Amino acid sequence: MLITEKSYFKYRKKILNLEDVPLPEIAYQVGTPFYVYSATAIKSNYEKFILALGELNYSISYAVKANSNIAILKLLGSLGAGMDIVSSGEYLRAKAAGIPGNKIVFSGVGKTKDEMNLAIEGGIKQFNVESESELRVLNSVAVAQNKTVTISIRINPDIDAQTHEKISTGKADNKFGIPYEDAEKIFQKASQLSNLKVSGIAVHIGSQLTDLEPYRQTFLKLAELVHVLKSRGHDVKSLDLGGGIGIAYSDNKKVIDLLEYGKLVKSVLGHLNCKFEFEPGRLIVGNAGLLVCSVLYLKYLKNKKFIVVDSGMNDLSRPSMYGAYHEIIPIKEENNTSRIKVDVVGPICETGDTFARDRSFPIVEEKDLVAFKSCGAYGSVMASEYNSRPLIPEVFVKGTNFSIIRPRPSIMSVIQRDIVPDWLD
Ligand SMILES: *Cc1c(COP(=O)(O)O)cnc(C)c1O
């Protein structure tokens, strides 16, 4: 099943529009490169997920790390979403977007005491705890604040999510969660700590999953664990099933059918009388965003043709980091269908700064605009200032409206953050 792209990105009068805004209009106003997101696509992705969950008793906590611009958090909050966060920065972003603390879930393998303090003080729905040490630290923080804190225990089910190794999180040798075999022991320990209230179990086996099978295996293990825990007198009220549902990065790619996902949850876990938590990130925003850049140079050598664009691996790191594929399309609709083989590369001084190798690509000219598709998730949030390139702007589109939701900083403002110590001369 293909999500959203077809309807929200279309050529009108031979120019690519996002919703009803011609992309050159945005480029003219903000310059290139920039990220741009469709509010309608995000809303539609969210609603499709809701539809798939049907009658289950659940709440959704959008995984902020996928795209943390507060305009997007605000939109999702208005649709009823809570937030799944992994740092105090993300906590404060969620708060800044008006999300109440009781709709925020704190995940992550390395929460600091300061982060725990901040979240407990500001209000938090639950912490997903990933180790015995974290359990003790969290309890001590809760004791000091004289508060009771709700937690879930994140279990590592030792399931291969069949995704890229860097975003696989549910194998026994990944750093995440508590080993499945230790679950009962940890539940026992947690129940003895004065200021923690154990609500249930959390899992998150990885990102960009395109097959239901790893989920099925995980859910089966979860169901078994719930039975064991209940038989030992532990109450399991909630099951946090994490995120991870993948998107189609190219048109012919098979992805998970959301209705099948919903059915699977219901059939394997539905009878357990638990409240469910889902933490989708990529699924909600991934296909709703583009990275738009300009062609700087056509560098056609004897044996190789390069298209040098003005965005680099610092703006979009997925290709260099994960070998990820992004479709790249010209913003001017091509008149002829001829294709050439090119490498699409950025300006960064590393060979890793390559977006596409030997890609069959339409004929473009210098100064043309091109768009990288499916950049709404893990694009802007993973950007860096490598090569002293300031973070690129983000733009939000809805219907005929577009607004800058994060401006391009001046290079001077970036440089001025550095301090030369006065003992240097
Ligand atoms: C990253 C993450 C998610 C979201 O993953 P997606 O693949 O973007 O859906 C959800 N939960 C946890 C705990 C995560 O770390």
Side-chain angles (χ1 to χ4, degrees), residues 3 42 45-46 48-49 52-53 58-69 72-73 76 81-87 89-91 93-94 103-111 115 119 124-131 134 151-157 159 161-171 174-178 200-212 214-215 218 222 238-249 255-256 258 261 265 276-289 318 321-322 324 374-382:
I3 304 165
I42 292 173
N45 289 341
Y46 185 79
K48 275 181 198 151
F49 190 52
L53 298 177
Y58 67 89
S59 40
I60 294 179
S61 298
Y62 164 70
V64 171
K65 75 175 188 287
N67 188 321
S68 58
N69 190 294
I72 286 173
L73 305 188
L76 289 167
M83 301 284 145
D84 172 61
I85 58 112
V86 295
S87 70
E90 287 189 354
Y91 179 82
R93 278 181 178 276
K103 291 181 95 170
I104 302 176
V105 174
F106 206 142
S107 297
V109 71
K111 307 171 194 82
E115 289 178 316
I124 189 91
K125 178 178 180 181
Q126 85 189 37
F127 286 89
N128 289 347
V129 173
E130 302 214 13
S131 67
E134 184 190 341
I151 65 161
S152 273
I153 306 284
R154 177 162 173 187
I155 298 299
N156 183 323
I159 297 290
Q162 290 157 32
T163 183
H164 191 278
E165 59 166 328
K166 286 187 186 163
I167 48 174
S168 178
T169 58
K171 286 283 290 169
N174 296 142
K175 69 180 174 180
F176 297 96
I178 280 161
I201 309 170
V203 288
H204 172 72
I205 57 172
S207 195
Q208 184 53 17
L209 274 76
T210 53
D211 196 292
L212 264 187
Y215 281 121
T218 302
L222 259 187
S238 70
L239 291 176
D240 181 335
L241 301 183
I245 299 174
I247 60 169
Y249 280 94
V255 288
I256 287 170
L258 292 182
Y261 175 87
V265 174
F276 294 100
E277 185 89 43
F278 297 95
E279 302 170 345
R282 192 189 308 265
L283 177 73
I284 306 297
V285 291
N287 278 342
R318 299 190 66 260
M321 189 132 150
Y322 311 126
S374 309
C375 288
Y378 306 106
S380 181
V381 285
M382 291 176 74

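Here the structure is a predicted model, which is why all the values come from computation and not from measurement. Ligands are counted one by one from 1 in listed order, and the atoms in each one are counted from 1 as well.
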Which of these, V86, D84, L73, sits in a side chain to side chain contact (heavy atoms under 4.5 Å, CB included) with V64?
L73
I'd like to know if the side chain of R154 and the backbone of H204 have a donor-acceptor N/O pair within less than 3.5 Å.
yes
Using a 3.5 Å cut-off on N/O to N/O, what pairs does ligand 1 make with the protein? A line per pair would be great.
residue  : atom   : partner : partner atom : Å
ligand 1 : 7 (O)  : S207    : OG           : 2.4
ligand 1 : 7 (O)  : G244    : N            : 3.4
ligand 1 : 8 (O)  : R282    : N            : 2.8
ligand 1 : 8 (O)  : Y378    : OH           : 2.6
ligand 1 : 9 (O)  : G244    : N            : 2.8
ligand 1 : 9 (O)  : G281    : N            : 3.0
ligand 1 : 11 (N) : D84     : OD2          : 3.4
ligand 1 : 11 (N) : E279    : OE1          : 2.6
ligand 1 : 15 (O) : K65     : NZ           : 2.7

Please confirm whether the backbone N or O of I247 pairs with a side-chain atom of Q208, one donor and one acceptor, at under 3.5 Å?
yes
Close side-chain approach of M321 to M382, heavy-atom, < 4.5 Å
yes
Testing S152, S61, S238 one by one against E277 for a side chain to side chain donor-acceptor pair (under 3.5 Å), which residue passes?
S61
Do the rings of Y261 and F49 sit parallel, tilted or perpendicular, given the 30° and 60° boundaries?
tilted
